[in-house]
2 protein chains.
Amino acid sequence: MVTTVPYSKEHKQQTRQLILSQAYRLFSSKGFSSVTIDEVMQACSLTRGAFYAHFESKSQLYKEALTFSAFNTALAERKPEDIPAKAWLSHLLDQYLSVAHVSGERPCPLAFLATDVVSRDSGAKAAYTYTYQNMNKVIWHYAQNEVSCTEQDILGLTSMIVGAVAVARNIEDRRLVERILTSCRQQARLILGGI
Amino acid sequence: MVTTVPYSKEHKQQTRQLILSQAYRLFSSKGFSSVTIDEVMQACSLTRGAFYAHFESKSQLYKEALTFSAFNTALAERKPEDIPAKAWLSHLLDQYLSVAHVSGERPCPLAFLATDVVSRDSGAKAAYTYTYQNMNKVIWHYAQNEVSCTEQDILGLTSMIVGAVAVARNIEDRRLVERILTSCRQQARLILGGI
DNA sequence: GTCTATATTGGGATAGAC
DNA sequence: GTCTATCCCAATATAGAC
């Protein structure tokens with residue numbers, strides 16, 4: 001019941017982080033219901049029983065993994081000092097609207113869990129909303145004073161890039177996926193008004 | 001094993017359509033895994049056992065329900081003769097980008113099942129892709145010759161409206177939802193270039 | 001075609017040893 | 001904290017009567 005000698009506090013923290021990262025990887029690719037706790041723990045080279053020393057339930061894991069992911073997304077990365085805001089924003093957009101992202105590289109929870117969060121509890125929805133607001137904040141941070149659009153216009157931009165990635169994941173025709181991403185890269189520039 | 005007297009062929013067809021419509025209603029609101037066959041059949045006032053006289057499996061039902069929905073979406077509605085193409089397109093956009101739609105009224109499968117289809121089989125993905133292509137075709141049909149954008153630009157537009165609805169469903173803050181929808185209605189007009 | 005069982009599996013969660 | 005073993009419920013699918 002109580003943590004004893006052979007496992008240090010750091011070890012528990014590390015294990016917890018490992019579980020969160022593997023859980024997010026699996027949840028983002030398959031959704032809540034299709035992921036089993038056994039699967040998550042096996043990915044961590046642990047057994048199912050050990051799970052409950054870290055989390056109360058699968059639902060709690062989901063919520064925490066969602067929050068965890070918000071800090072590991074590409075958008076959370078700090079801009080290198082020597083790159084201008086406009087160039088960095090352009091880079092972020094291209095990265096988001098890339099085949100690599102659609103294929104699951106550093107998946108954005110907003111796109112990958114878009115319809116999965118709906119059936120979860122309010123906590124998960126709150127985490128989703130927070131991440132969405134944060135995405136808008138980050139983009140506006142780089143865009144403001146540089147482009148000719150309002151803060152409200154950013155909401156349309158983020159809807160578009162999230163939607164593009166979410167839709168593209170279901171499309172097996174590679175050519176169509178490319179066309180969607182290309183169109184959105186263009187429209188994003190149109191909305192921002194010159195970057 | 002074989003259909004006998006007390007149930008006519010039309011009766012079977014009617015039952016089948018009822019199952020499809022109830023299934024789509026449930027799938028679109030909760031996703032594949034969270035819907036049970038029992039639930040679908042209860043919504044039809046039938047029992048679980050009867051299901052297998054109509055479909056082979058839950059997966060097949062999902063795929064067929066997805067295809068079925070494509071023919072019942074608001075976008076599939078015919079334009080009344082006396083309404084100009086531009087006005088009709090404008091009406092379709094406003095309807096798509098409405099709180100009512102986000103709340104589940106005549107749900108568009110592209111938005112409501114955006115991340116749910118990913119884990120399904122190729123048949124489901126093909127149905128999704130077909131529906132997406134069709135949405136683009138319909139919008140382009142009304143837009144062409146009326147607006148100043150290319151067919152490729154429509155892909156960005158549809159990504160945006162699908163994304164907006166998918167994202168908004170997870171947000172409990174009504175005010176934020178309104179702001180997202182408003183922004184997208186504006187950006188949609190911007191992309192179309194004057195409607 | 002629809003019903004009432006029932007077979008069977010998968011997976012969340014707990015118990016107790018180490 | 002992690003393991004193995006187990007409980008237990010939910011849900012897909014089938015069998016057989018009507």
Side-chain angles (χ1 to χ4, degrees), chain A residues 1-27 29-66 116 119-121 123-124, chain B residues 1-23 25-27 29-65 116 119-121 123-124:
Chain A
M1 194 105 296
V2 176
T3 309
T4 47
V5 187
Y7 300 98
S8 68
K9 262 209 160 132
E10 297 101 62
H11 178 261
K12 175 157 187 184
Q13 263 315 98
Q14 277 176 21
T15 303
R16 191 186 158 85
Q17 295 289 311
L18 177 61
I19 295 173
L20 282 172
S21 105
Q22 293 299 326
Y24 178 65
R25 189 177 59 77
L26 289 163
F27 280 139
S29 113
K30 309 200 295 177
F32 180 82
S33 304
S34 302
V35 173
T36 66
I37 292 176
D38 196 38
E39 199 177 3
V40 173
M41 296 308 276
Q42 275 184 32
C44 300
S45 305
L46 292 171
T47 56
R48 192 161 60 239
F51 173 78
Y52 296 90
H54 298 275
F55 301 94
E56 275 184 1
S57 66
K58 189 181 171 184
S59 293
Q60 195 211 338
L61 173 67
Y62 186 84
K63 191 167 54 186
E64 296 217 23
L66 188 53
D116 197 57
S119 335
R120 307 268 65 75
D121 61 18
Chain B
M1 196 105 298
V2 176
T3 308
T4 47
V5 186
Y7 300 98
S8 68
K9 260 207 160 138
E10 298 100 62
H11 178 259
K12 173 156 187 183
Q13 262 314 99
Q14 276 176 21
T15 304
R16 191 186 157 86
Q17 295 290 312
L18 177 61
I19 296 174
L20 282 172
S21 104
Q22 292 299 325
R25 189 178 57 78
L26 289 163
F27 280 140
S29 113
K30 310 200 295 177
F32 180 82
S33 304
S34 302
V35 173
T36 68
I37 293 176
D38 195 39
E39 199 176 4
V40 173
M41 296 307 278
Q42 275 186 34
C44 301
S45 303
L46 293 170
T47 57
R48 191 161 62 242
F51 173 78
Y52 296 91
H54 297 274
F55 301 94
E56 275 184 358
S57 66
K58 188 181 170 184
S59 293
Q60 196 211 336
L61 173 67
Y62 185 84
K63 191 167 55 189
E64 296 216 24
D116 197 58
S119 334
R120 308 267 65 76
D121 61 18

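Note that this is a predicted model, so its numbers are computed, not measured. Throughout, protein chains are lettered first and strands after them, A, B, ... in sequence-line order, and every chain is numbered starting at 1.
We find that CZ of A:F51 is positioned 15 Å from P of C:dG11, with the value rounded to whole Å. In this structure, the CZ atom of A:R48 is 12 Å from the C1' atom of D:dC7, given to the nearest Å. Distance B:K30 NZ to D:dA11 C1': 13 Å, rounded to the nearest Å. Rounded to an integer number of Å, the gap from CD of B:Q42 to C1' of C:dC3 is 14 Å. Between the NZ atom of B:K12 and the P atom of C:dT2 there is a distance of 8 Å, given to the nearest Å. The distance between atom CG of B:L18 and atom C1' of C:dT2, rounded to the nearest whole Å, is 14 Å. Residue B:H54 contributes atom NE2, which lies 16 Å from atom P of D:dA13 at whole-angstrom precision.
A donor-acceptor pair is defined here as one N or O able to donate and one able to accept, closer than 3.5 Å; no such pair exists between the side chain of A:D116 and the backbone of A:G31.
Ranking D:dT2, C:dA13, D:dT12 by closeness to the A:Y52 side chain, first place goes to C:dA13. The side chain of B:K58 sits closest to D:dT12 out of C:dT2, D:dT12, C:dG12.
Checked against salt bridge (charged side-chain N to carboxylate O under 4.0 Å, His left out), A:D121 has no partners two or more places apart in sequence or in another chain.
Residue A:I37 holds its CD1 atom at 10.0 Å from CD1 of A:I19, rounded to the nearest 0.5 Å. Here the straight-line distance linking atom OG1 of B:T36 with atom CZ of B:F51 works out to 10.5 Å at 0.5 Å rounding. In this structure, the separation between NZ on A:K63 and CZ on A:F55 is 11.5 Å, given to the nearest 0.5 Å. If you take CD on B:E64 and NE2 on B:H54, they are separated by 12.0 Å, rounding to the nearest 0.5 Å.
Contact check, B:T47 against C:dT2: no side-chain N or O comes under 4.0 Å of OP1 or OP2. Dashed line: the shortest gap from a side-chain N or O of A:T15 to OP1 or OP2 of D:dG1 is not under 4.0 Å. In terms of phosphate contacts, B:S57 brings no side-chain nitrogen or oxygen within less than 4.0 Å of OP1 or OP2 of D:dT12.
Residues from residues 33-41 of chain A with heavy atoms under 4.0 angstrom of DNA chain D: there are none.
Aromatic ring orientation, A:Y62 versus A:F27: perpendicular (interplanar angle above 60°, classes split at 30° and 60°).
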